[in-house]
Amino acid sequence: LLLPLSIPELPATAAMPLEAQESQAYANIREGVAAEKLAMEERPGLDMHDLPLRQYLDEYVVPTLLPGLNAVAEERPDNPVEWLAYYLLKNNPKRSPGQKASSEGQPSEATKT
């Protein structure tokens, strides 16, 4: 047996603009409006040292590391750590254009299969 669900009606204040509604959090309506405006203001982004760990990794590490790990999986070099280290140095997006990687050629033959 299924009974119809009754949906509670919204109070009449729900359709009113925020300024006209009575504040539940602030006794003074003006304080509430000022606090909401402050909360809605555009703020500068966080510095890399202030980011949560997961966000830091997602923004600064994973975009370079994941393609490097995929390349290691495809190449299967004898020394994958050294090969990956060279790859990361070569593909570092923070490296200035004039700056060179520690060694100019491809990874040494000892690191390849």
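Along the sequence shown, residues are numbered consecutively beginning with 1.
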Just wondering, do [Y] and [X] contact through their side chains at under 4.5 Å, heavy atoms?
{"X": "Thr64", "Y": "Asn92", "result": "no"}
{"X": "Asn91", "Y": "Pro67", "result": "no"}
{"X": "Leu51", "Y": "Tyr60", "result": "yes"}

For the hydrophobic clusters of this structure (ILVMFWY residues joined by side-chain heavy atoms under 4.5 Å, transitively), does one cluster hold both [X] and [Y]?
{"X": "Leu69", "Y": "Tyr87", "answer": "yes"}
{"X": "Leu88", "Y": "Leu57", "answer": "yes"}
{"X": "Leu53", "Y": "Leu65", "answer": "yes"}

Filter on salt bridge (Lys or Arg N to Asp or Glu O under 4.0 Å), then keep only pairs touching residues 65-74, sequence neighbours left out; what's left? none
Arg54: which residues meet the salt bridge (charged side-chain N to carboxylate O under 4.0 Å, His left out) condition with it, sequence neighbours left out?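 In terms of salt bridge (charged side-chain N to carboxylate O under 4.0 Å, His left out), with neighbours along the sequence ignored, Arg54 is linked to Asp58.
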Can you name the residues that form a side chain to side chain donor-acceptor pair (under 3.5 Å) with Glu31, not counting sequence neighbours? none
Where do Pro80 and Val72 come nearest, in terms of heavy atoms and distance?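 Minimum heavy-atom separation between Pro80 and Val72: CB-CG1, 3.8 Å.
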Are the side chain of Asn79 and the backbone N or O of Glu82 linked by a donor-acceptor pair below 3.5 Å? yes
Could you go through Val61 and Tyr56, starting from their C-alpha distance and side-chain angles, then the distance that decides it, and tell me whether this counts as side-chain contact (heavy atoms from CB on, under 4.5 Å)? CA-CA 7 Å; Val61 178; Tyr56 168 78; 4.1 Å; yes
